[in-house]
Amino acid sequence: MSTTTTYTVKGMTCEHCKASVIEEVSEVAGVSGVTVDLASGRVDVTGDDVQDAAVRAAVDEAGYEVVS
Ligand SMILES: [Cu+2]
């Protein structure tokens, strides 16, 4: 079953940042959708059996920080 988890990511300031996060998180196993709201830093990750640690690592890889 597909579920959506919401994260708050610090440090995204423009469309490029947003695209980087979407690109990295989209590569995480099981992820089927990623949406980012730049203003709030809200990142919604949708998918099946997505590992929380893998999402956090992907955000870190993109150069940003998950704060919640
Ligand atoms: Cu940017």
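Order of appearance sets the numbers: ligands from 1, and atoms from 1 within every ligand. This chain uses plain numbering: 1 for the first residue, then up along the sequence.
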> With a 4.5 Å limit on heavy-atom distance, are the side chains of Val55 and Val50 in contact?
Replying inline: yes
> Is there a donor-acceptor pair closer than 3.5 Å between any side-chain N or O of Thr4 and the backbone N or O of Thr46?
Replying inline: no
Side-chain polar contacts of residues 56-68 - donor-acceptor pairs under 3.5 angstrom, sequence neighbours left out - could you list them?
{"unit_1": "Arg56", "atom_1": "NE", "unit_2": "Asp52", "atom_2": "OD1", "d": "3.4"}
{"unit_1": "Arg56", "atom_1": "NE", "unit_2": "Asp52", "atom_2": "OD2", "d": "2.8"}
{"unit_1": "Ser68", "atom_1": "OG", "unit_2": "Thr8", "atom_2": "OG1", "d": "3.0"}

List the atom pairs, donor and acceptor, that lie under 3.5 Å between side-chain atoms in residues 11-21 and the rest of the protein, sequence neighbours left out.
{"unit_1": "Ser20", "atom_1": "OG", "unit_2": "His16", "atom_2": "O", "d": "3.0"}

> Heavy-atom count around Gln51 CD within 6.0 Å, excluding the residue itself: above 12?
Replying inline: no
> How about the Cu ion (ligand 1), which protein N, O or S atoms come within less than 2.8 Å?
Replying inline: Cys14 SG, Cys17 SG
> Which residues satisfy the salt bridge (Lys or Arg N to Asp or Glu O under 4.0 Å) test with Asp44, sequence neighbours excluded?
Replying inline: Arg42
